[in-house]
Structure formats: structure tokens, C-alpha cells
Amino acid sequence: LPVLFRRGTLLVRLMRDERGVRIEALSEAGVINHLSVVADWVRVTEQGDIRGFPSKDAARSMLDLPDPGLPALDAIVATPVFGHDGALVDRPGHDAEARVWYEPPPGFKVPGVPDMPTEADVAAAKALLLDELLCDFPFVDAAAKAHMLAALLLPFVRRLIRGPTPIHLFEAPAEGSGKNLLVNVVSVIVTGAAVTGGSIPEDEDEVRKKIGAELASGRPLLVLDNADTKKRLDSSAIASATTMWPEWSDRLLGHNKTFSVPNDVLWVLTGNNPRLSREIARRCVSVRIDPKLDRPWLRKDFRHPDLLDWTAAERPQLVRAVLVLVRNWLAQGRTRGTVRLGSFERWSETVGGILAAAGIEGFLGNLEALYATADAEGSMWRAFVAAWWEEHGEKPVRLADLLALCEKGDLMATLLGDGSPRSQSTRLGNALAGARDRVFGAQRIESAGRDSHSKAALYRLRPMASTATSESPPSPAATAAPPDEVPDFLPSLDDFEEAP
């Protein structure tokens, strides 16, 4: 069996201890230790050969340029998974095509999975997963349940998806609702053990380090736990990492050198009514549950009171049920799902296709609800633009006019803050510069040059052609004669400092 592997740009080896098998990136000292074990080293002198040790230069060379002839290893898996070619990897050890190491726990054996599942096979698999495993969870809609199955499917089919995958957001109205239990159900089925995760660090640099450490470990789940409800989650590190494929790159701690590792994990985020930025929300699919109870952790009416113990005991059958659903899709010709999520098209085609082939509905059916509740910033802008259109239509207006509109309608309060009129003017001007050419509802915000008399910056709304007829009726202000204009420009900060 192989001893050393390539993982991205890292030289790694497998390590076994009381926690099981894991991937370890080799350090210079680790390479020297390995070389001293696999070969006898001597130093040739005039007095004869003297027993020696591997040189640091040899170790550094191996680390800087891992031998391309070494086998590639992307992950350690604890269940059978499907390789890039659709073949089932079910033999323990290294699989060169799938680039995984299969390490089943002692005594774990999945019952035979048919190549061509029958309708009865698929019905039995669905019944075990939906009616037995997930029966006690109060999913808010069919989409939430479909996304739960999507999360469970992904580790088994990740190598069939040539592209990034979204964050699975496990959310609930309050603590104790069962969202973390759901995540642990996925983890027990996929890995045989409860999940290892951690809260999201406050510092963005620490977030990046956490992501790097988790991806370097080779575990199939990356869990970011308990998104803070008091502030909006807006992490550029998380946003970029989820769409960076096939590898994620970062700097080695304490070095200027960068490293790359495969980015093929199941991304999980948990939270109670989390507040998400636009960039994070559009990368999420929601698995929302709602027990509709004051103290949901006091519930007792469960079919499986000790669900994780039951899941562990039934793990071979549960894994088989997942594999049956995938084999059913493969046997039907890998028909692609028709509902797609931008930036994650390959994922939605594959996972959506598997669910559709099994007759499971709701996939990607709650995106608008997620965006509406999570994207508070977008809702604020849409209300502002709607009032702007109603008041001024397409007529070019000054910043002072828009600030007066905000004061009149109590709009953009979070953005403007409680500062002086000059401060609020600056904030609104900066925000408009950042929103230039963005579409909210049926209108696009545009720069309209400067007023020829006051030299004040002008802005206007432009109805989008595809929606103007149905959503943007002409307003009286739209037909008013506009002030003299000059060509569009990108406003400077000086333009934002005028007081109303």
C-alpha cells in the first residue's frame, strides 16, 4: 500500500491513532524522519563511510516539489462513494481513480446495492430516509426536506460534480429545535461519528485559517456552527472559499509559501434566524425546521428518542438507501435536474437530478423565502428604490432630494445612522456609488451626470426593459423636463459631502 501521497500541492501521509485514520501534511522534520526509516544514509569521507542522516535539502526538495508519480489523495471516506466515472468505490484502501482512501470501521458492511434498482427498491430507500430517519423533524416545507436529503447525498456523489457546491444552512427560530441534531445525523451516516466543528471566528483572518485547517484535514464535512444572530454574517473568506474549485489556496502558517488542497467538502452553516449578507445568502440552500414550541428541547414525542444511537445502529442500511437513490439516477441515464442555482449549476443538475429521479419534490423551492428573510440589506434598498420611483420616476435627482425622501419615508435608516445631516449625506452618497448600475426590483440605479447650474451630482432610475411594462408604470415625474445634464460620470467623494 502507498505510504506517501500528493494532496493538492502538499506532501501527505496517513496517520492512525485512537481517533482513527487521518491525513497529515508532512513537515521538514517529518520528511527527514520518513527518509531515515526507508533508507540507510551514509556520508562518504576520506576515512570511510560514516552513518548519517538525510539532508535538509533533500527534505525541502520533496516538500517544494512533491513527486508527480506519487498517488493523489483527496479525502478519507468511511462509506462507499461514487468515483468520477460513476463506479462505486467499495474496496478498502486507496482508489486511484476516485483519489480517496476508503477506511470502513470494523464490522461495517453495506448490504448489496443493485445496479438497476427497481421501483420497490427506490420506494423502500425513500421510506427509510424520509419516513423513518427524518420523521421527527418539523421541516417547514418540502424544499427544506429536499435540501436535507441533498446534504446527505453530497458526500457520496461529490466526485460526480465538476464544480463548487453551496452551503447547506441548517436553521431554526430558536435554540434546541434540532438543527444540530440534523447535522449530526448526516455526520454519523457519512463518517460514523458526530460532527466536529466550531463557531465562526470574529476575525476574518481567523476565519480564513479555520477554513484552511479544515480543508487540509480531509474530512468530508466542514461545519461553521452558530452564526451570530446579533450581526450580519458577511465573510469574504467564506464567500470565496465556497466558490473556489477544484482547489482552495492559502499561505502556510509562518511562511510566505502558498499551498493548495482539494475543496470537495460538504459546507454546513448552522444558526437561529441568522442574518446573512447578500453574498453569503446566495451561496446557501436552506434546511429550516420549526417545532412551533416555546421550549422545543422539552419535546418527548419522538419515534427514536436516541436518534443518533439508532442512526449508528442502522448505518449500513441508511448508507445503502442513499446508494440506491444514486444508482437509480445513474441507471436512468443521469438526467440533469432542471432547476439550477447560479454558480452551482453542476451541483444543482446532479443532486436535483437524483432527487427528481426518485420522485422527491421541492428542490430549490424556497430560495426566494431565504433571500427575503436573510437579505435585509436588499429589502431596504428595494423599499428605497420603490419610493424613489413613485416620487421621481426617471427624472434625474440630487442627493439632497433622495436624502429628503429617506427622511420623509423613514427609509435606509440602518445605512444612514443617527449622525449629522452631513454625515448621512456622505453615507448615502457612498452607498449610491456602490450601488451604481445595480437593479432593485424593476429599476436600475444610474449616475446622471451633474446639474449644469449647481454642479450637484445627479442620479436616476432606469426601468429595465424586460419588466418595465408589468412592474414599472410611467410616473408623472418621469415625464417632467429634466435639468440640464452632462455625460454620466463616477461621482467623487466631494459630491457626497453636500448637506441637504
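Numbering starts at 1 and runs along the sequence shown. Just so you know, these numbers use all the heavy atoms, side chains as well, and skip hydrogens, waters and symmetry mates.
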Verify, without hydrogens or angle tests, whether Lys179 (side chain) and Arg288 (backbone) share a donor-acceptor contact under 3.5 angstrom.
-> no

Side chain to side chain, Ser348 and Val339, heavy atoms closer than 4.5 Å = no

Hey, is the main chain of Pro173 close enough, under 3.5 Å, to the side chain of Ser177 for a donor-acceptor pair?
-> no

In sequence, state the C-alpha distance, the side-chain angles, and the governing distance for Phe363 and Trp347, and then conclude on ring pair (Phe, Tyr, Trp, His ring centres under 6.0 Å).
-> CA-CA 12 Å; Phe363 182 64; Trp347 166 82; 5.2 Å; yes

Show your reasoning for whether side-chain contact (heavy atoms from CB on, under 4.5 Å) applies to Phe170 and Asn180.
-> CA-CA 8 Å; Phe170 288 77; Asn180 291 96; over 6 Å; no

Basic-acidic side-chain contact under 4.0 Å: Arg303, Glu132 | yes

His304 side chain near Phe302 side chain, heavy-atom distance below 4.5 Å | no

Are the charged groups of Glu24 and Arg13 less than 4.0 angstrom apart, N to O?
-> yes

In short, Gln317 meets Pro111 closest at the heavy-atom pair NE2-CG, 3.5 Å

Is there a donor-acceptor contact under 3.5 Å from the side chain of Arg320 to the main chain of Gly112?
-> yes

Counting heavy atoms not belonging to Glu97, are there more than 12 under 6.0 Å from its CD?
-> yes

Looking at CE of Met412 and CG of Leu415, how far apart are the two atoms once the value is rounded to the nearest 0.5 Å?
-> 4.5 Å

Test log, rule salt bridge (Lys or Arg N to Asp or Glu O under 4.0 Å), inputs Glu206 and Arg208 | CA-CA 5 Å; Glu206 292 301 317; Arg208 181 181 55 78; over 6 Å; no

Cation-pi between Arg282 and Tyr371: NZ/CZ under 6.0 Å from ring centre and within 45° of the ring axis?
-> no

With distance as the sole criterion, is a donor-acceptor pair present between the side chains of Thr270 and Asp225 under 3.5 Å?
-> yes

How long is the gap from OG1 on Thr165 to CH2 on Trp245, to the nearest 0.5 Å?
-> 10.5 Å

Do Leu182 and Phe139 come within less than 4.5 Å of each other through their side chains, counting heavy atoms only?
-> yes

Do NZ/NE/NH1/NH2 and the carboxylate oxygens of Arg283 and Glu279 come within less than 4.0 Å?
-> yes

Would you say Asp290 and Pro138 make side-chain contact, with heavy atoms under 4.5 Å?
-> no

For the pair Arg158 (side chain) and Ile161 (backbone), establish whether a donor and an acceptor sit closer than 3.5 Å, ignoring hydrogens and angles.
-> yes

Donor on one side chain, acceptor on other, Ser187 and Asn184, under 3.5 Å = no

Would you find a donor on one side and an acceptor on the other, under 3.5 Å apart, between the side chain of Asn263 and the backbone of Met244?
-> yes

When Ile360, Leu153, Leu330 are each screened for side chain to side chain contact (heavy atoms under 4.5 Å, CB included) with Ile354, the one that passes is Leu153

In Å and rounded to the nearest 0.5 Å, what is the CG to CG distance from Leu134 to Leu152?
-> 8.0 Å

Can you name the salt bridge (Lys or Arg N to Asp or Glu O under 4.0 Å) partners of Arg99, sequence neighbours left out?
-> Asp74

Taking only Lys NZ, Arg NE, NH1 and NH2, and the carboxylate oxygens of Asp or Glu, determine whether Arg219 and Glu214 approach each other closer than 4.0 Å.
-> yes

Is there a donor-acceptor pair closer than 3.5 Å between any side-chain N or O of Thr335 and the backbone N or O of Gly353?
-> no

Audit row: Arg460, Glu394, salt bridge (Lys or Arg N to Asp or Glu O under 4.0 Å) steps and yes/no = CA-CA 6 Å; Arg460 67 177 166 219; Glu394 293 184 69; over 6 Å; no

Does Arg340 pair with Glu345 as a salt bridge, N-O distance under 4.0 Å?
-> no

Should Ile23 and Leu14 be marked as a side-chain contact (heavy atoms from CB on, under 4.5 Å) after you check the CA-CA gap, both sets of side-chain angles, and the distance that decides it?
-> CA-CA 5 Å; Ile23 296 174; Leu14 293 180; 4.2 Å; yes

Is it true that atom CZ of Arg336 has more than 12 heavy atoms of other residues, nucleotides or ligands lying nearer than 6.0 Å?
-> no

Backbone N/O of Ser260 and side chain of Ser249: donor-acceptor pair under 3.5 Å = no

Expected output: side-chain His147 to main-chain Ser286 donor-acceptor under 3.5 Å = yes

Test item: His392 and Leu461 side chains (from C-beta on) under 4.5 Å apart, heavy atoms | no

If the plane angle is over 60° it's perpendicular, under 30° parallel, otherwise tilted; pick one for His94 and Phe5.
-> tilted

Check the surroundings of atom CZ in Arg162: do more than 12 heavy atoms from other residues, nucleotides or ligands lie under 6.0 Å from it?
-> no

Side chains of Asp136 and Leu307: does their closest heavy-atom pair fall under 4.5 Å?
-> no

CG/Asp121 to NZ/Lys126 distance, rounded to the nearest 0.5 angstrom?
-> 13.0 Å

Does Arg444 reach the main-chain N or O of Pro463 with its side chain, forming a donor-acceptor pair under 3.5 Å?
-> no

Report the relative orientation of the aromatic rings in Phe384 and Trp388; use parallel for angles under 30°, tilted for 30 to 60°, perpendicular for over 60°.
-> tilted

Atom pair CG (Asn273) and CG (Leu276), whose distance is rounded to the nearest 0.5 Å = 10.5 Å

Ser240 side chain to Ala237 backbone, donor-acceptor under 3.5 Å | yes

What distance separates Leu26 CG from Leu11 CG, expressed to the nearest 0.5 Å?
-> 5.0 Å

